[in-house]
Amino acid sequence: MFFCYKYFSDTLALSLTILPHIPPFSSVNSGGRKNFTMDVRRRPVKPFYPSEHISAGETLKPHNQDSSVKASDALPLPLYLTNGLFFTMFFSVMYFLLHRWREKIRNGIPLHVLNFSELVAMVSLIASVIYLLGFFGIGFVQSFVSKGNNDSWDVEDESPEQFIDRTVTPPPVRRNIPMKSVLVAEITAQIITPFSSEDDEVVIKSVVEGRIPSYSLESKLGDCKRAAFIRKEALQRSSGKSLEGLPLDGFDYESILGQCCEMPIGYIQIPVGIAGPLLLNGKEFSVPMATTEGCLVASTNRGCKAIYVSGGATSVLFRDAMTRAPVVRFGSAKRAAELKFFVEDPINFETLSVVFNKSSRFARLQNIQCAIAGKNLYMRFSCSTGDAMGMNMVSKGVQNVLDYLKNEYPDMDIIGISGNYCSDKKPAAVNWIEGRGKSVVCEAIIKEEVVKKVLKTEVAALVELNMLKNLTGSAMAGALGGFNAHASNIVSAVYLATGQDPAQNIESSHCITMMEAVNDGKDLHISVTMPSIEVGTVGGGTQLASQSACLNLLGVKGANREAPGSNARLLATIVAGSVLAGELSLMSAISAGQLVKSHMKYNRSCKDVTK
């Protein structure tokens, strides 16, 4: 440690000795006095005014000269190269050491036992830490100390603009490098970008004429909202269609850049209603639902009321595993079967689990289910994914396993990381039977008086309708996972409100609704079983402000640090409870013959559409 510090200190001192003698750092201004034009790492000091000192008989001295030693002068290189060198060294060494420590912990090797490469890494880490502490820490302290000196600002007498040396010509801005900000006398300047000085009309014409790609506007302009405006206007001109009703203002376009939507031109408006309180597992939830279908929120709200006054509903999550199924091909069906036996061997599964779990601290491989089709093998990986929905997480783990298997089976041809045996965003029997995401069952017992007074129907009528509609009718239609009245209505509305992937409504709406008369036929037992609810509380659209607010309303915003995955599991049970309320209310409306009447009342526009 002492040797490393001594070596670094000597290098720092040598660099500081050389730097003052480099000619490009000095110049002579028009007034005849020598003025040192310092690099941007130098903080501005009080300007020098000759008239204030000549009368006092003082000797003229460079007003910018700074004799303090700074960590940013550690190498005789430009500041950006020095910073880049030490930042790169710091993060590279940290990644290497963390990787090595994790391997040591897994293999039971003491952390203090170092080999030569680890020793070199430790020395490099100490050197980079010393530099970074000096560059940031010393400068931070000096900024406080300078406020007590005579060089500090007098806020009442002088403005920050007076500290800019007007006699020094600023260096030209490189137009091919977008600059986020420029610090001049501690004043943040306007963003300088290649197109910031051009008129919007010029840029719009360039987009229409094809000289500027529409997809590159954000990177060229440095302003996401301006890019959306220009793209929208260019689209209107090129298509000849008006987009007047598509709003642009009132949305944070920076929040979707690189993660939610490409080439935005505005946003759509979907109203959000509240159903509830939903009494589920002893807790009350106000369920946000984003929809444009009249009656949906009102109907679900009525179902929540019936459940509430009957004592609430109970839900159980009995499976939690996201899936991904790559497809690989061999020269023969025999070789495909050999890999199937290898993967399904419990001993080999442990090895594959270690390889898979390296992809994330939350991903944990649970099982691998294989299916053969001729020379092709489909391997359905199932793993837990914490509070994330987990598609990207499981895909990374699968890629690790495929790379490992490729070494063991060099004749294996990887056709695709997804072979539709997963199965994502498609109705599939494998999801209906084996489950995907969260598998939940939710039940409630509705009292006889509630069925009559709140739902306006009879228990026996509900049981008969459920058998003939949701069970027999769905079977006659050849339904796959659709043994329910309208589960997808509630799932879609909750998904849109909470930032879930709306396309996954397909398999998430797999549901079978069961009704049975209990307590001597007086009360109604109703349940919904949903084997593949795919939700998450981190990532994707959950990070947007509106969706994040809805998640916060439910108490499941973000990741649960104490119990990873519990927020996503709770959200899945809330979805199932909401579906239970929706199924109960709609089936009651159909049983009582009120469906058409209610839709005519609440799902019809009163506007004169001819105008």
Side-chain angles (χ1 to χ4, degrees), residues 273-289 295-318 439-471 483-487 489-491 493-494 509 511-530 533 553-556 569-595 597-598 602:
I274 291 295
L278 172 66
L279 184 57
L280 182 66
N281 293 335
K283 297 181 180 180
E284 296 183 9
F285 299 95
S286 296
V287 183
M289 301 175 67
C295 281
L296 179 58
V297 177
S299 178
T300 307
N301 188 68
R302 184 176 74 150
C304 290
K305 178 181 179 181
I307 293 172
Y308 191 96
V309 296
S310 296
T314 303
S315 65
V316 178
L317 188 145
F318 57 90
S439 300
V440 183
V441 60
C442 186
E443 64 179 347
I445 295 179
I446 310 300
K447 298 178 180 178
E448 181 182 20
E449 57 269 23
V450 175
V451 173
K452 292 181 178 180
K453 294 181 180 180
V454 177
L455 301 176
K456 311 298 183 183
T457 186
E458 301 289 337
V459 172
L462 280 173
V463 172
E464 182 181 22
L465 177 64
N466 184 73
M467 181 187 67
L468 295 178
K469 170 183 168 61
N470 290 340
L471 302 183
F483 297 89
N484 57 81
H486 70 149
N489 250 341
I490 292 87
V491 172
V494 177
S509 296
C511 171
I512 181 168
T513 301
M514 305 290 292
M515 293 186 184
E516 180 183 352
V518 295
N519 299 330
D520 297 328
K522 295 181 179 180
D523 301 331
L524 174 71
H525 178 276
I526 179 174
S527 67
V528 292
T529 305
M530 307 179 69
I533 301 177
L553 175 66
L554 294 172
V556 294
R569 289 191 289 269
L570 177 57
L571 178 58
T573 61
I574 294 173
V575 170
S578 303
V579 170
L580 182 72
E583 290 286 283
L584 179 61
S585 182
L586 177 60
M587 292 294 289
S588 299
I590 295 175
S591 175
Q594 299 174 343
L595 179 64
K597 181 181 178 180
S598 61
Y602 296 107

_Sidechain-backbone polar pair: Asn281 side chain, Ser315 backbone, donor-acceptor under 3.5 Å_ = yes
_Do Thr573 and Cys442 make a side-chain contact, defined as non-hydrogen atoms from C-beta onward lying under 4.5 Å apart?_
no
*CG/Asn466 to CD/Glu516 distance, rounded to the nearest 0.5 angstrom?*
11.0 Å
*asked:* For a quick test of reading the model, state the closest non-hydrogen atom pair linking Asn301 to Ile274 and the distance between them.
replied: OD1-O, 4.3 Å
*Spatial distance of atom OG1 (Thr529) from atom CZ (Phe483) [nearest 0.5 Å]*: 12.5 Å
*Calculate, to the nearest 0.5 Å, the distance between atoms CD1 and CG belonging to Ile512 and Asn470 respectively.*
8.5 Å
*Residue list, salt bridge (charged side-chain N to carboxylate O under 4.0 Å, His left out) with Glu448, at least two apart or on another chain*: Lys452
*pair Leu584-Leu524: side-chain heavy atoms closer than 4.5 Å*: yes
*Starting at CG of Leu317, measure out to CD1 of Ile533 and round the result to the nearest 0.5 Å.*
8.0 Å
*Locate the shortest heavy-atom distance separating Val459 from Lys522; write the atom from each residue and the value.*
CG2-O, 3.3 Å
With a cut-off of 3.5 Å and sequence neighbours excluded, list every side-chain donor-acceptor pair involving residues 575-582.
from   : atom 1 : to     : atom 2 : distance (Å)
Ser578 : OG     : Ile574 : O      : 2.9

*Between atom CD1 of Ile526 and atom OG of Ser310, what is the distance when rounded to the nearest 0.5 Å?*
11.0 Å
*Looking at Ile307 and Leu279, what are the two nearest heavy atoms and their distance?*
CG2-O, 4.1 Å
*With rounding to the nearest 0.5 Å, note down the distance linking CG in Leu462 to CD in Glu583.*
11.5 Å
*Could I get the full list of side-chain hydrogen bond (donor to acceptor under 3.5 Å, both in side chains) partners for Ser591, not counting sequence neighbours?*
Thr457
_Shortest non-hydrogen contact from Asn484 toward Ser509_ = ND2-O, 3.8 Å
*asked:* Once side chain to side chain contact (heavy atoms under 4.5 Å, CB included) is applied, do any residues pair with Lys305, and if so which ones, sequence neighbours excluded?
replied: Val454
_With a sphere of 6.0 Å drawn around CD of Glu464, does it hold more than 12 non-hydrogen atoms of other residues, nucleotides or ligands?_
no
*Are any of the side-chain heavy atoms of Val491 and Met530 separated by less than 4.5 Å?*
yes
*What's the shortest heavy-atom distance between His486 and Leu296, and which atoms?*
CE1-CD1, 4.0 Å
*Would you mind reporting whether Phe285 and Leu570 have side-chain heavy atoms less than 4.5 Å apart?*
yes
*By side-chain hydrogen bond (donor to acceptor under 3.5 Å, both in side chains), which residues pair with Asp523, not counting sequence neighbours?*
Asn519
_Tell me the closest heavy-atom pair linking Met515 and Val463, and the distance in Å._
O-CG1, 4.0 Å
*Sub-4.5 Å side-chain heavy-atom contact between Thr300 and Val287*: no
_Residue list, side-chain hydrogen bond (donor to acceptor under 3.5 Å, both in side chains) with Glu458, at least two apart or on another chain_ = none
